[in-house]
2 protein chains.
Amino acid sequence: MTPRKSKSRPTINEVAKRAGVAKTTVSHAISGKRPVAPATRERIFKAMGDLQYSPSPIARRLAGSPSHTIALVLPLASPTFADVEVRYIASIGAVVNQHGYTFLTLTAPQVNVDDLRQIVYSGLVDGVLLMRIQQKDERVKLLRETDIPFVLIGRTRDNKGLTLVDLNGEAAIGLAVDYLVELGHHSIGFICPEDLNFAFAYRIVKGFEKSCAKQQLPRIMSPAVWSADAGYRATLALIEQHPEVTAIIVWSEVVTVGAVSALRDIGRKVPDDISVISFDRSEHLHLASADLTVIDTRPEAVGGQAAQMLINLLEDKPLEREQILMPPLLITGKSTAHCTNGQVTLPKPA
Amino acid sequence: MTPRKSKSRPTINEVAKRAGVAKTTVSHAISGKRPVAPATRERIFKAMGDLQYSPSPIARRLAGSPSHTIALVLPLASPTFADVEVRYIASIGAVVNQHGYTFLTLTAPQVNVDDLRQIVYSGLVDGVLLMRIQQKDERVKLLRETDIPFVLIGRTRDNKGLTLVDLNGEAAIGLAVDYLVELGHHSIGFICPEDLNFAFAYRIVKGFEKSCAKQQLPRIMSPAVWSADAGYRATLALIEQHPEVTAIIVWSEVVTVGAVSALRDIGRKVPDDISVISFDRSEHLHLASADLTVIDTRPEAVGGQAAQMLINLLEDKPLEREQILMPPLLITGKSTAHCTNGQVTLPKPA
DNA sequence: GACTTTACCCAAACCGGTTCAACTTGCTTA
DNA sequence: TAAGCAAGTTGAACCGGTTTGGGTAAAGTC
């Protein structure tokens with residue numbers, strides 16, 4: 001508990017004394033917020049140099065100046081980050097650092113509202129980036145009550161007045177469905193998210209239903225939480241109940257790992273027997289089952305954009321748009337193929 | 001640039017007023033450094049709860065006491081965090097939060113000494129946890145010069161006077177080799193790290209050489225940087241040059257993903273044709289090639305221990321040991337089997 | 001020449017805590 | 001019974017900066 005002092009750094013007072021001025025003047029000389037006579041400024045800078053002075057960020061922050069630090073709040077929901085998430089972190093970090101800000105990742109195992117409140121109130125950070133947005137998100141509510149600038153990566157149910165960047169989930173699932181239909185598939189299964197409080201999950205499920213209606217397809221869904229294991233089981237269940245499906249869409253790379261294993265284990269060849277489209281891109285996937293067709297959820301673009309917007313907010317620069325919906329990309333690989341027929345002969349599931 | 005003040009961040013003054021005491025008393029009630037009457041303390045805590053008060057680390061720090069904040073410095077070297085790393089983060093976070101400290105992950109994209117200096121110098125954090133230690137590590141040098149408490153996860157070349165926790169890398173590789181020898185393998189390949197500045201990499205390579213000498217095995221190595229792709233190529237290269245190997249050890253889960261793909265692609269069945277042992281455990285691996293034999297590098301134990309030691313350091317509690325070498329665990333799975341013979345008929349590589 | 005403006009500098013208040021010295025009380029103890 | 005001591009509480013100083021509101025002297029305006 002003993003306070004550590006870091007070798008008693010020089011303070012603004014010592015600089016002021018050495019330069020023969022008031023500390024106010026030193027402050028002005030540094031910040032440039034009030035005019036200081038050239039001769040005086042020179043004396044002050046000389047003194048600063050002699051003493052190797054650099055102002056204490058702590059004191060500055062306490063006195064009300066920005067800390068030039070932003071926090072990314074990203075709860076560690078699953079025991080591991082997925083590739084996608086890391087790509088978010090990396091791209092955000094790049095933008096933030098490039099602008100001279102310090103970047104903190106807040107990875108409490110569960111970032112609850114109280115943790116967030118503590119961070120916001122601590123005065124440690126100037127702004128907050130929030131991920132994994134829920135349909136009804138307490139954290140957003142909290143941030144709205146304070147006046148700390150923040151940007152959402154994702155959307156809640158009610159987004160009035162919020163600044164956000166989000167992937168267009170409806171468009172994403174639509175892209176996948178339309179592409180498969182174009183290839184001649186009529187029976188498309190969706191390994192879909194289970195927890196619809198997660199806002200992105202909600203949107204893609206709704207989007208799938210809408211797409212099915214539009215294309216007059218049956219709604220075939222099998223829910224899987226965000227893990228490979230769940231993906232494995234969900235895929236087995238889906239195939240068992242709907243052996244007629246000729247294509248599946250999987251809602252996340254993490255889940256796809258399991259889905260691909262399942263298909264392999266029951267002897268369905270991709271893409272000959274069944275086409276697969278996965279959300280996200282993933283290093284692991286790429287190698288585990290070469291060259292998958294994916295819906296790129298564009299973490300770099302979304303994350304980078306969000307970081308940029310937050311920084312603009314912090315620097316009182318105008319935003320061209322408050323809310324940005326990023327269009328998804330379809331990257332065609334070798335896991336999708338023309339549907340030879342509605343009825344193919346199926347190998348008996350093991 | 002305008003300083004933002006959070007609308008109504010409660011201060012110690014408001015708590016004091018609400019509880020009808022002086023702010024001094026509130027401070028004492030929180031820190032416990034001076035006695036406070038039970039009734040008073042209760043009133044104070046009630047007021048704190050009502051106001052959702054949490055003390056400002058900044059102000060605390062400025063007033064000369066610790067900010068109860070520790071930083072984990074973990075450069076984003078590869079484009080992605082591996083499972084292992086995330087498990088470190090999670091376990092450290094758990095311990096840190098449990099002790100009432102705030103936990104910051106500093107994920108600068110590069111291994112920058114300057115960033116670290118700034119953090120240390122700013123006085124924002126009480127202590128630092130350092131990961132990805134190099135044999136010759138500038139950051140360690142920097143931290144030694146300051147007097148901020150820090151704990152290494154890993155080791156450098158010269159560790160005199162340092163507080164650290166590290167997995168026993170030599171023991172780890174030894175465990176793997178000995179186990180394979182026990183199963184009758186005489187030709188063991190090591191998909192090994194390439195960059196020997198990374199201290200852990202250096203130690204396991206040296207350890208492998210030592211083990212080979214001890215067991216009178218040939219040294220068969222094929223280097224791969226920390227990526228699945230590299231693992232794929234390194235495995236192909238190794239098998240091509242040494243088709244006689246009946247077992248391989250892979251130095252990291254990330255690399256193993258590629259190694260397993262490579263073996264599959266050239267038609268070597270695991271464990272019938274070849275045994276595989278991987279460092280680390282991984283969710284992805286587990287499913288991509290069910291039930292691998294692994295050397296568990298125990299990120300939870302190492303990370304948690306390191307966090308605990310740092311906190312002890314910060315609170316002037318005695319450490320039972322300054323340096324801890326965590327023993328690795330061998331978890332046997334289905335990717336290793338008895339070597340049927342030194343010479344097996346091999347399928348022609350594609 | 002009186003009046004305003006501008007440039008320059010400073011004292012004091014403030015940010016939100018911690019800590020020190022002092023001041024009550026109530027209870028021992030010589 | 002007076003002195004001593006511990007518990008409980010508080011005002012004031014302090015940490016190292018920023019910001020506000022004067023004040024003074026020189027320059028500009030009419």
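Each chain gets a letter, A, B and so on, in the order the sequences are listed, and its residues count up from 1.
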What is the distance, rounded to the nearest whole Å, between atom CE of Met48(B) and atom C1' of dG17(C)?
13 Å
Identify, with sequence neighbours excluded, every residue that meets side-chain hydrogen bond (donor to acceptor under 3.5 Å, both in side chains) alongside Lys317(A).
Glu315(A)
side-chain hydrogen bond (donor to acceptor under 3.5 Å, both in side chains) with Ser91(A): which residues, sequence neighbours excluded?
none
According to side-chain contact (heavy atoms from CB on, under 4.5 Å), who are the partners of Ile70(A), at least two apart in sequence or on a separate chain?
Val96(A), Tyr101(A), Phe103(A), Leu129(A), Leu310(A), Leu314(A)
Which whole-number value in Å describes the distance from Arg61(A) CZ to dG17(C) P?
14 Å
If you check every side-chain atom of Leu62(A), which of dC15(C), dG17(D), dC15(D) has the closest atom?
dC15(C)
Protein-nucleotide distance (Asn13(A), atom CG; dA11(C), atom P), rounded to Å
12 Å
Lys17(A): partners by salt bridge (charged side-chain N to carboxylate O under 4.0 Å, His left out), with sequence neighbours left out:
none
When rounded to whole Å, the NZ to C1' distance for the pair Lys33(B) and dT18(C) reads 8 Å
Using salt bridge (charged side-chain N to carboxylate O under 4.0 Å, His left out) as the criterion, list what pairs up with Arg60(B), not counting sequence neighbours.
none
Tell me: CD1 of Ile12(A) to P of dC14(D), nearest whole Å?
18 Å
Close N or O pairs between protein and nucleotides 4-11 of chain D (under 3.5 Å):
{"residue": "dT9(D)", "atom": "OP1", "partner": "Thr40(B)", "partner atom": "OG1", "Å": "2.6"}
{"residue": "dT9(D)", "atom": "OP2", "partner": "Ala37(B)", "partner atom": "N", "Å": "2.9"}
{"residue": "dT9(D)", "atom": "OP2", "partner": "Thr40(B)", "partner atom": "OG1", "Å": "3.3"}
{"residue": "dT10(D)", "atom": "OP2", "partner": "Ala22(B)", "partner atom": "N", "Å": "2.9"}
{"residue": "dT10(D)", "atom": "OP2", "partner": "Thr25(B)", "partner atom": "OG1", "Å": "2.7"}
{"residue": "dG11(D)", "atom": "N7", "partner": "Thr24(B)", "partner atom": "OG1", "Å": "3.4"}
{"residue": "dG11(D)", "atom": "O6", "partner": "Thr24(B)", "partner atom": "OG1", "Å": "2.8"}

DNA chain C-proximal residues of residues 49-59 of chain A, any heavy atom under 4.0 Å
none
Between P of dG17(C) and CG of Asp126(B), the distance in whole Å
16 Å
Using the side-chain contact (heavy atoms from CB on, under 4.5 Å) rule, take Leu152(A) and Asp166(A) through it: C-alpha gap first, then chi angles, then the decisive distance, then the call.
CA-CA 8 Å; Leu152(A) 267 49; Asp166(A) 194 8; over 6 Å; no
Could you give the side-chain donor-acceptor pairs of residues 45-54 of chain A under 3.5 Å, partners two or more places apart or in another chain?
{"residue": "Lys46(A)", "atom": "NZ", "partner": "Asp50(A)", "partner atom": "OD2", "Å": "3.0"}
{"residue": "Asp50(A)", "atom": "OD2", "partner": "Arg18(A)", "partner atom": "NH1", "Å": "2.6"}

At 10 degrees resolution, what angle do the end axes of the helix from dG1(C)-dC30(D) to dA30(C)-dT1(D) form when each is taken over five base pairs?
50°
Rounded to the Å, how far apart are Arg60(A) CZ and dC14(C) C1'?
17 Å
Please enumerate all residues that pass side-chain hydrogen bond (donor to acceptor under 3.5 Å, both in side chains) together with Thr11(A), with sequence neighbours excluded.
none
Value in whole Å for how far the C1' atom of dC15(C) lies from CG of Leu124(A):
15 Å
Qualifying residues under salt bridge (charged side-chain N to carboxylate O under 4.0 Å, His left out), relative to Lys136(B), sequence neighbours excluded
Glu138(B)
Just call it for Thr11(B): base, sugar-phosphate, or nothing, with non-hydrogen atoms closer than 4.0 Å on any strand.
sugar-phosphate
Ile153(A) and Ile133(A): side-chain contact (heavy atoms from CB on, under 4.5 Å), yes or no, with the steps?
CA-CA 7 Å; Ile153(A) 295 180; Ile133(A) 310 296; 5.8 Å; no
The criterion is side-chain hydrogen bond (donor to acceptor under 3.5 Å, both in side chains); which residues satisfy it with Thr156(B), sequence neighbours excluded?
Asn159(B)
